[in-house]
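These notes concern the structure reproduced below.
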Protein chains: 2
Amino acid sequence: MTEANRPLPMKTDKISELTTNRLSVYLRCLNELSASGVETVSSQSMAEQFNLNSAQIRKDLAYFGEFGVRGVGYYVDDLRQNLLKILGLTQRHNVAIVGMGNLGLALANYHGFNRQSFEIVALFDDDPAKIGTHARSRQEILSIDALQVVIREKEIDIVIIAVPAAVAERVFEKVVEAGVRAVLNFAPVHLHAKPGTKVKTVDLTISLESLSYFLAKPKSDSVNVDYSDFLHVEGERNGTP
Amino acid sequence: MTEANRPLPMKTDKISELTTNRLSVYLRCLNELSASGVETVSSQSMAEQFNLNSAQIRKDLAYFGEFGVRGVGYYVDDLRQNLLKILGLTQRHNVAIVGMGNLGLALANYHGFNRQSFEIVALFDDDPAKIGTHARSRQEILSIDALQVVIREKEIDIVIIAVPAAVAERVFEKVVEAGVRAVLNFAPVHLHAKPGTKVKTVDLTISLESLSYFLAKPKSDSVNVDYSDFLHVEGERNGTP
DNA sequence: AATACTTTGTACTGATTGTAACAATCTATT
DNA sequence: AATAGATTGTTACAATCAGTACAAAGTATT
């Protein structure tokens, strides 16, 4: 079974986020392979090229179906299409950014996102001096008062919160109230997400302090963070403590 | 034993990064408590206030010493000082940012870092049009050719890489060659760190794709990511696969 | 001073995660 | 067609991690 259009599978329920984060890594690897003209790849070959574990690749993929061909490996483009589908990247996501400080502005102009899947369709701030201006010749910055209306009008399904910690929770509540279920949070606070909503927090402070700890600890010997450091929302054991 | 100036402990070796990341969270909680004038706090009280597990707090702290007083709890300021010391935040870190694109510029002006512990002392880029200009009235942007000299002169011990994926590895090698052992990487690539060097990668693509997966999966029921989503470099089981 | 009460530090248990090993199954070759 | 070779999908195992339970050790009270 090697066609890309298989009905997507079964119990995608109990699948760990560590697994799905690795799918993103695999997808990136496959993109490279595809660009290089490679047509098939074995889990072992992929593992060697990208510092991964072949068994883990196979197991991660096996949660979602049988994408490989025994004796051959995986068809690069086929698997790539499957991963796109699994990760929900075959459909366009409309993204809004709230908070046009330095970080928000940078994200608004960031070219690293997968442009085919994520489109930034609205920018918000509460500073009257900023509202109405354009973020580097792109989107107009809207008043945060229009947040909920615009979210519904433009069918925004992902919101990036880049506001100061003090107001993050309030913004979050408004966003959720408007029907958004997925939030990428850069404020260094805990946002209390209710069931059915997902918050992914990127905490730069913790990242830096982690490096500080590494430098400070007595025996700073031999820490080789491999591809594993792509998996940066691990923890998440269970939802309600 | 409640004084802040205890000799820092023992086998800080086998301590998981999940644990040390949580220390950053605890430190943040203690900052809040201290600012509110709270003098002592029990692990249970802290757990309730910040959605944590009290036993985990105690266990995490116990790796590094006995900071609490039975029957009382922890002295907020004392524990705070201890955590600062454990995390290496009592000494100033000189930070450089390489890559003055949108993200690099934003980070250069970001006010979210702990200003007391981290000072951004140098900015680099390879674009002649940018070199010599000043990033929003602050640091002058230096040529990347001066990277290694400046790292040594200014005693830079942490480097933030915010360059395109294609050149990240090359920058990383130069940085390491100059003696830097701690790198915060925003490029969506795997940097091959040798023992004794630590790389922490923040991958925005994976974060977004994780949200996309959540929205796409059939039964998007009830995912309550609690404080655990602060622990965003989990994985990292062992170094050499 | 002795007892009751509180909270820590830790041993134990259960769950999760990652790695190794192997049987099943495909392709290629004789 | 049958055999050899390769690679997947899966099972079994080992290591790590989080949560519970409890003894140890302090404070407050009588």
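Keep in mind that what you see is a predicted model, and the values were worked out from it rather than measured. Residue numbers start from 1 in every chain, and the chains themselves are labelled A, B, ... in the order their sequence lines are given, proteins ahead of strands.
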Between atom CD in A:Q44 and atom C1' in D:dG5, what is the gap in whole Å?
-> 14 Å
Would you please name every residue forming a side-chain hydrogen bond (donor to acceptor under 3.5 Å, both in side chains) with A:S43, sequence neighbours left out?
-> A:R58
Can you sort out the partners of A:Y26 under ring-ring contact (aromatic ring centres under 6.0 Å, His included), two or more places apart, ordered by chain and number?
-> none
Between C1' of D:dG19 and CG of B:L52, the distance in whole Å | 14 Å
Hey, which sits more toward the 5' end of DNA chain C by its nearest nucleotide, A:D60 or A:V72?
-> A:D60
Output one line per pair: protein atom, nucleotide atom from nucleotides 9-11 of chain C, and distance, for all N/O pairs under 3.5 Å.
{"from": "C:dG9", "atom 1": "OP1", "to": "B:F67", "atom 2": "N", "distance (Å)": "3.3"}
{"from": "C:dG9", "atom 1": "OP1", "to": "B:G68", "atom 2": "N", "distance (Å)": "3.2"}
{"from": "C:dG9", "atom 1": "OP2", "to": "B:Y74", "atom 2": "OH", "distance (Å)": "2.7"}
{"from": "C:dG9", "atom 1": "O4'", "to": "B:R70", "atom 2": "NH2", "distance (Å)": "3.2"}
{"from": "C:dG9", "atom 1": "N7", "to": "B:R58", "atom 2": "NE", "distance (Å)": "2.8"}
{"from": "C:dG9", "atom 1": "O6", "to": "B:R58", "atom 2": "NH2", "distance (Å)": "3.1"}

Rounded off to whole Å, could you give me the CG-to-P distance for the B:N51 and D:dA18 pair?
-> 16 Å
Please confirm whether the backbone N or O of A:Q56 pairs with a side-chain atom of A:R22, one donor and one acceptor, at under 3.5 Å?
-> no
Separation of D:dA15 C1' from B:K14 NZ (nearest whole Å) | 11 Å
Using atom CD of A:E17 as one end and atom P of C:dA15 as the other, report the distance to the nearest whole Å.
-> 22 Å
Donor-acceptor contacts under 3.5 Å from residues 88-96 of chain B side chains, at least two apart:
{"from": "B:R92", "atom 1": "NE", "to": "B:Q116", "atom 2": "O", "distance (Å)": "3.2"}
{"from": "B:R92", "atom 1": "NH1", "to": "B:E119", "atom 2": "OE1", "distance (Å)": "2.8"}
{"from": "B:H93", "atom 1": "ND1", "to": "B:D157", "atom 2": "OD2", "distance (Å)": "2.7"}
{"from": "B:H93", "atom 1": "NE2", "to": "A:S212", "atom 2": "OG", "distance (Å)": "2.9"}
{"from": "B:H93", "atom 1": "NE2", "to": "B:G88", "atom 2": "O", "distance (Å)": "3.0"}
{"from": "B:N94", "atom 1": "ND2", "to": "B:K154", "atom 2": "O", "distance (Å)": "3.2"}
{"from": "B:N94", "atom 1": "ND2", "to": "B:E155", "atom 2": "O", "distance (Å)": "3.2"}

Taking side-chain hydrogen bond (donor to acceptor under 3.5 Å, both in side chains) as the test, write out the residues that go with A:E169, two or more places apart.
-> none
Between P of D:dT7 and CD1 of A:I57, the distance in whole Å = 13 Å
Length of the CE-C1' vector between A:M46 and D:dT7, whole Å | 14 Å
Checking all strands, does A:S43 fall into the base, sugar-phosphate, or nothing category for heavy-atom contacts under 4.0 angstrom?
-> sugar-phosphate
Can you list the residues that meet the side-chain contact (heavy atoms from CB on, under 4.5 Å) rule with A:V76, with sequence neighbours excluded?
-> A:L30, A:L33, A:S34, A:V38, A:V41
Could you give the CD-to-P distance, from A:Q56 to C:dA20, as a whole number of Å?
-> 11 Å
